[in-house]
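Each remark here refers to the structure printed beneath this line.
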Amino acid sequence: MRRRTKRNVTQKILAHHLVEGGLEAGREIGIRIDQVLLQDHTGTQAMLHFLAMAFARAHCPLAVCYADHNVLQFRPENMEDHLFLRTVCRKYGLWFAKPGAGICHQVHLENFSTPGDTLIGADSHTPHCGGAGMLAIGAGGLDVAAALGSGLYYFDMPRIVGVRVVGELGPWCSAKDVALELLRRLGVQGGIGRILEFTGSGIPGLNLQERVTITNMCTELGATSAVFPSDSQTRDYLSRLGREEAWRPLAAEPGAGYDENLEIDLTSIEPLVAKPPQPDNVVPVSEVAGTSIDQIMVGSCTNGSYTDLHTVAEILRGRRVHPEVMFFVHPSSAAAVDALAIEGLLSHLVRAGVEVAQPTCGACIGIGHVPAPGTRSLRAINRNFTGRSGLHDDAVYLCSAETAAASALTGVIADPREVGRELGIVGPVAALHPRMAERGVGLLAPADEQEAARLDIVQGANIVPMSTQEPVSDPLRGQVLIKVGDDVSTDAIMPASLAALPFRSNVPRISDFVFERVDPSFSARARRAGGGWILAGHNYGQGSSREHAALAPRHLGVFGVVAKSYARIHHRNLVNAGILPLVFDRSEDYEEIGQGDSLEIRGLYEGLASGRLMVIDRDLGRAFGVHADLSRRQREVVLTGGLSAHVKWKAGGRPGTEPEGHLEST
Ligand code: MIC
Ligand code: SF4
């Protein structure tokens, strides 16, 4: 009799939730989804799609939408979004978190995290809750809407990387430095197609908030998810929240194996800094020490917790922020603010001259605190893609809360160990908040079915349902509208600028901002040309989960991307938007093709089915080979014109012309 192989944590969770497929890396699997997370930037499109699919009510056991990004409601459209989300959530069986409750990932961790559960979230940092033993995956809003209505999610089974953690973190070295060390070693493409599972003798020494800082930032590696076991640290954290009943133990079976292995010795971790322009540009802090800085931030879902702000308060207690530095913090939850206030730590911050801002994403995404030209900003957050701060050619350095606070005292980037030595400060411990006084602040429960039937949805004029796209034509002809390089982020494709954000619910309006920071003439050119192609290097669409980076180009007429490779979430978003994501057979061909070249594909439907296509470059006078890594279902989706058109087609409607005959042959 064949013995069942020993299972690691990821396999245990997946096996327990499996509805289709096996646990074989690279093959599509379907799993049951226990929890769904949405937020106010991605939630409106997701909920519009949910309504268009005519689901009666959320089908998974728990779903929550957080008003966390646009907390300051700078424009009336922001509040319109919140009213829509509040009413649609209550009616259709979702919780709603009002502005002020905090950032989705941390508030979800505090109120709903359950070890062993699956979570899908319309935000790329959803792996945050992986620190509490959940299998938590970020996805585009349309995929999340489908999971919300069906309770199911389909994806390619990733390879599982066992990250063996040994040793103990030294003074002034933190979980954030562990995340930066992973980025230093693996780079922003190193986690693609992988789940990182943390194991080893160093794990019990990391408390839950430290764990989530690490899983949160595994997103920057391009990973599908990241997960820790659930142990006494998990139980301790849940009991501080008054939710001990949610705890379950979860560990890999002794002898369980991994597809790949990696080791991190915590003892050798030192304070690190990621220089601009992306999170894997990591160096030891000593290499940039002495660099003058003008602005410092500690916050975001990665570093806005009680633990981080406690650290900052301890370092600054009785001291003053350097006169030439502006220092602000964004706590990541109302509960963190409350705990800091009860303990008097807020006073240490305020008296030191720190601006204590709202529990919201804020400057992490360029909403407020936009740096001035020529200045440098040091931030304990997760991303520093060019322009994300709101300044076109910004210089944002990423670091830990320890390094940020120590540098705030000196006015230059400083090694916190040296500052500690010079000023006689003891390295702060990663403290957890005491037992939480109040739970569920700002959370509205869904209405029961009777009440829900009577509720109306408030849908302001700016909330515009997506129009259904035409199916992709064959032959397919058009110009290369833009040629971009490697690691282009969704922040570059569809900026989250203060000007663009009010139109997340209005794709026609937001499409004016596509590639605004890279080439401000892009949207007008795309419209004039009646659509065309995007040409890109490796890891196209890294970073956020925002499906607007696909929906808006599609609205402008973009029907295809030819790239060397794609980031996971963006690849799916392109398919869902009805944009063909093609891959060069030979990366060298990318070099020859120029912006403005006229490209043509014939025999698209047959080529996609066989996996081989030829693209003719009319200007070069030659053809090059491409392929598409698409499942049969994804081919169907993209050929019908995207997910909404596909849903209608499946329901018997006719999406413009007739792809049915072709589809049968795919
Ligand atoms: C981000 O950090 O870029 C965001 C804003 O949270 C995005 C989601 C969005 O664009 O709405 C993400 O990470 O997915
Ligand atoms: Fe918000 Fe920044 Fe976290 Fe995105 S990365 S959810 S913008 S705090």
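Counting starts at 1 for both ligands and their atoms, following the listed order. No hydrogens, no waters, no symmetry mates; every other heavy atom, side chains included, goes into these values.
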Run the salt-bridge test on D394 and R388 with the 4.0 Å N-O cut-off and return the result as yes or no. no
Would you say R546 has any N or O atom under 3.5 Å from an N or O of ligand 1, going by distance alone? yes
Heavy atoms only: which of M494, Q39, R388 is nearest to atom 3 (O) of ligand 1? R388
Test salt bridge (Lys or Arg N to Asp or Glu O under 4.0 Å) on R572 and D143; report intermediate values, then the result. CA-CA 8 Å; R572 287 184 71 124; D143 277 341; 2.7 Å; yes
Donor-acceptor pair, N384 side chain versus V396 backbone, under 3.5 Å? yes
What part of T302 sits under 4.0 Å from ligand 2 if we count only heavy atoms: the side chain, the backbone, both or neither? neither
Mutual orientation of the aromatic rings belonging to H41 and H69 [parallel < 30°, tilted 30-60°, perpendicular > 60°]: tilted
Subset of ligand 1 atoms that lie under 4.0 Å from at least one heavy atom of I365: 5 (C)
Donor on one side chain, acceptor on other, D81 and T44, under 3.5 Å: no
For T42, the ligand 1 atoms with a heavy-atom partner under 4.0 Å come out as 9 (C), 11 (O)
Any idea which protein heavy atom is nearest atom 4 (Fe) of ligand 2, and the distance to it? H69 NE2, 3.9 Å
Give a yes or no on whether the ring-centroid distance for F327 and H369 is below 6.0 angstrom. no
Non-hydrogen atoms of A552 and I510 that approach each other most closely: CB-CG2, 4.1 Å
Which of the ligand 1 atoms, numbered from 1, are nearer than 4.0 Å to a heavy atom of H69: 4 (C), 5 (C), 6 (O)
With a 4.0 Å heavy-atom cut-off (strictly under), which part of D123 contacts ligand 1: side chain, backbone, both or neither? both
Tell me which protein heavy atom sits closest to atom 3 (Fe) of ligand 2, plus the residue, atom name and distance to 0.1 Å. C301 SG, 2.3 Å
Which ligand 1 atoms, with their elements, are less than 4.0 angstrom from a heavy-atom of H41? 11 (O)
Which one of G141, G140, S544 has a non-hydrogen atom at the shortest distance from atom 12 (C) of ligand 1? S544
Where ligand 2 meets R388 - atom numbers and elements under 4.0 angstrom, heavy-atom basis: 2 (Fe), 5 (S), 7 (S)
Tell me the protein heavy atom at minimum distance from atom 1 (Fe) of ligand 2, and give that distance in Å. C361 SG, 2.4 Å
When you measure from the side chain of D177 to the backbone N and O of L272, does any donor-acceptor pair fall under 3.5 Å? yes
Taking distance alone, with N or O pairs closer than 3.5 Å, would you say D491 contacts ligand 1? no
Subset of ligand 1 atoms that lie under 4.0 Å from at least one heavy atom of R504: 9 (C), 10 (O), 11 (O)
Can you give me the closest heavy-atom contact between L180 and C399, atom names plus distance? CD1-CA, 4.3 Å
At a 4.0 Å threshold, what atoms of ligand 2 neighbour a non-hydrogen atom of S300? 8 (S)
C364 near atom 1 (Fe) of ligand 2 via N/O/S, less than 2.8 Å: no
Among all protein heavy atoms, pick out the one at the shortest distance from atom 13 (O) of ligand 1; state its residue, atom name and that distance to 0.1 Å. S124 OG, 2.6 Å
H125: numbered ligand 2 atoms lying under 4.0 Å from its heavy atoms: 5 (S)
Centre-to-centre under 6.0 Å for Y306 and H310, is that the case here? yes
Under the 3.5 angstrom rule, does the side chain of R194 hit a backbone N or O of V161 as a donor-acceptor pair? no
Go through ligand 1 atom by atom and flag the ones less than 4.0 Å from a non-hydrogen atom of S545. 12 (C), 14 (O)
Hydrogens and angles aside, do Q189 and H538 bring a side-chain donor and acceptor to less than 3.5 Å of each other? no
Distance-only, no hydrogens or angles: does the E210 side chain make a donor-acceptor pair with backbone N or O of N207 under 3.5 Å? yes
Using a strict 4.0 Å cut-off to heavy atoms of N382, name the atoms of ligand 2 that fall inside it. 5 (S)
Examine the proximity of ligand 1 to H548 and report which part, side chain or backbone, both or neither, has a heavy atom under 4.0 Å away. neither
